[in-house]
Structures are given as C-alpha cells and as structure tokens.
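Inspection log for the structure reproduced underneath, given as structure tokens.
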Protein chains: 2
Amino acid sequence: MNLLRNTEKHLSAEDIYIDAVRINPSIGLTTVYRTLDLFSQIGVVQKCDFGDGRARYELADNPLKKSHHHHLVCVKCKTIVDYTDFIGEELELMQKTEKALSLKHRFKIFNHTIHFYGICSKCRLEA
Amino acid sequence: MNLLRNTEKHLSAEDIYIDAVRINPSIGLTTVYRTLDLFSQIGVVQKCDFGDGRARYELADNPLKKSHHHHLVCVKCKTIVDYTDFIGEELELMQKTEKALSLKHRFKIFNHTIHFYGICSKCRLEA
DNA sequence: ATTGGTAATGGAAATCATTATCAAATAAAT
DNA sequence: ATTTATTTGATAATGATTTCCATTACCAAT
C-alpha cells in the first residue's frame, strides 16, 4: 500500500515486486500477486488493464488518494495519459449513475474507471 | 466484422477463431489475432479487458452498433453485467469531454469505456 | 500465359504474465 | 510445549498472445 501511495505511476505486479524486494529481499512474486488481488477484492486497490497484456495497479479512490483521474490510451503506442480535467463535471453524474446501478443490480460499487481510446499525435504523424 | 456484428456477447479471440473456422476452415488463430489488432488500431473494434486474463472484442461504437453499453464488474466472481441505462445522460457529457480532451492532448479519440467495480449481491451474501 | 516481387497467411515454437502446487516457515491455539 | 492453522515463497504449470518463418495468394508488368 505504501508503494502505491508514493507513486503517480501505474505499477505492474513486477514493478511492485522489484520495489518490495528493496524493502524485504525475501519477498516472493507470488505474495505480491496474492496481496494485490486481496487489496483489489476489498476495494482499496484498483486493477487496471490497458491492453498491453499486463495488469497495472493503482490506489483506489479514497481519502488517501490525492487525485481522481481518468485515462487516455493510445491504441498504437500504448501510451497512457492521465487527465484530471472535467472530473468535477463527471463526478456528479458518475455518483448519480453509481447509486442507481447499485440499487438496480444490487452491487456494492466502490470504484469506477473511464478510458478513452484513440491515437496520439505522435502516432498520427507517423502513419 | 460480421461475426462481431451478429452477436451481443464479448467474444474472445478464440471464440472468434472457432466461429471463423466454420466459415473458412483453413483460417489460422494468428490471423484472427492480427486482424483483431488491426481493427482495434483503426478504431472499428474495441478491445476490452475484464481482468480474467483474456481479451474480449466488440464492435466499436458507430452507426452499425446497435447499443452502446457500459460495464459493471464484480471483483470477486468476475461477473460482468452490461447496462444500457443512463447512457443517454452520460453520452452528452462524454462527447463534451471527448472533444475537450482531443484538443488538449491532441488525441484522435474514437471510443471510450466506463467500468464500475464492486461486489455483486451473490458474493456479498457468501462473504 | 508467365514472371517476379510484395504482402498475407497459418502452423509451430517462443514468450511472458499469471496461477497452482507444495513444502517450509511462521503464527495461533490448546 | 505441542499441535494446528495460516502465510509464505520457490518452482512448475498454465494459457493467452507474439514471433518466426516457410509457404501461398495476389497483382502488375512483361
């Protein structure tokens, strides 16, 4: 959790493992996966897939989380851009939707993700 | 493309391969992957990751697509629920956001996904 | 009709993230 | 202190996706 709190990046399980080994050299990759899965299930960590074949993990939204953000993904070079603009406007709608969905589908919802997919300027010029 | 047009499901590459073989028995799985990747890059197909280790593909939004929908994911049992409610309200905001993001980050955006994460009623009762 | 070059194809092997297995280590309970 | 249960990590297994490469399809120019 501390590793995730202290970064703005989207860390993969292996990234986290490499960091964790510096703190506790005897830790195993399996434990990292197990713990991330646990954290994800209790809702404190958000597992993200950006389509590059490996999962990323970031702190789920809560008081500890500095900034809620959404993602902009380039489907060519797989670049991921975080954006925090327009979040305010989105938030109200998302909360409304979340509440309605919770009731209708009997889900206890604790997080959401929004991804926009497209092609970044760099890849568009190269094409 | 026809296979994707004629289903409401989220097909995996293998699902599509199995269907494709019935039409052209000599087609290879590699070609299916290659073609799906191509379609995804040109924006007519949306590649989705639901956290179960295999990618799913569906028609990207366009006039051919019957219904735009978003996803509700149970982080315990990995169940995925499509919902089409509230889409109308979301759409206006998403289009506005999309336009603003396109300008600011110089992305050509052609799709978006919204996922809500939580725990379904079944898993909540079992816990 | 033939040629030659390029692009597309598919099968097999390789890759790589993730999961399962299991024995050892640690903690908890009696 | 001894037994029991839980957690851990190393290794192996799994399985989706990619890479590699030989073969084939395509097509324009001869």
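Throughout, protein chains are lettered first and strands after them, A, B, ... in sequence-line order, and every chain is numbered starting at 1.
- At least one side-chain heavy atom of B:F110 sits under 4.5 Å from a side-chain heavy atom of A:I119.
- The nearest whole Å value for the distance from the NZ atom in A:K78 to the C1' atom in D:dT18 is 12 Å.
- Of the listed nucleotides (C:dG10, D:dT17, C:dA17), C:dG10 has the atom at the smallest distance from the side chain of B:R34.
- Among C:dG10, D:dT17, D:dT8, the nucleotide with an atom closest to any side-chain atom of B:L29 is D:dT17.
- Ring planes of A:H68 and A:H112: perpendicular class, angle over 60° (limits at 30 and 60°).
- We find that CD1 of B:I27 is positioned 8 Å from P of C:dT9, with the value rounded to whole Å.
- Judged by distance alone, the side chains of A:H10 and A:D15 never bring a donor and an acceptor atom under 3.5 Å apart.
- Expressed to the nearest 0.5 Å, how far CZ of B:F107 lies from SG of A:C120 amounts to 5.0 Å.
- Residue B:T30 has its side chain nearest to D:dT19 when only D:dT19, D:dT8, C:dA17 are considered.
- For the pair A:D49 CG and D:dT17 C1', the computed distance is 14 Å after rounding to whole Å.
- Regarding contacts with the backbone of D:dG9, a side-chain N or O of A:S26 is found under 4.0 angstrom from either OP1 or OP2.
- Within the model, atoms NE2 of B:H115 and SG of A:C48 stand 10.5 Å from one another, a figure rounded to the nearest 0.5 Å.
- Each of B:Y57 and A:N24 was assigned the nucleotide of DNA chain D with the nearest heavy atom; the assignment lying further toward the 5' end belongs to A:N24.
- Between A:A55 and B:V32, the residue anchored closer to the 5' end of DNA chain C is B:V32, taking for each the nucleotide with the nearest heavy atom.
- The distance from atom CG of B:D37 to atom P of C:dT9 is 14 Å, rounded to the nearest whole Å.
- Taking atom CG of residue A:L38 and atom P of nucleotide D:dT6, one finds them 15 Å apart after rounding to whole Å.
- A straight line from CD of B:Q41 to P of D:dT18 spans 11 Å, rounded to a whole angstrom.
- For B:R54, the side-chain atoms get nearest to D:dT17 when compared with the rest of D:dT17, D:dG9, C:dG10.
- Between the P atom of D:dT17 and the CG atom of B:L36 lies a distance of 10 Å, rounded to the nearest Å.
- For the pair B:D52 CG and D:dA16 C1', the computed distance is 11 Å after rounding to whole Å.
- For D:dT8, the OP1/OP2 oxygens have no side-chain nitrogen or oxygen of A:T31 closer than 4.0 Å.
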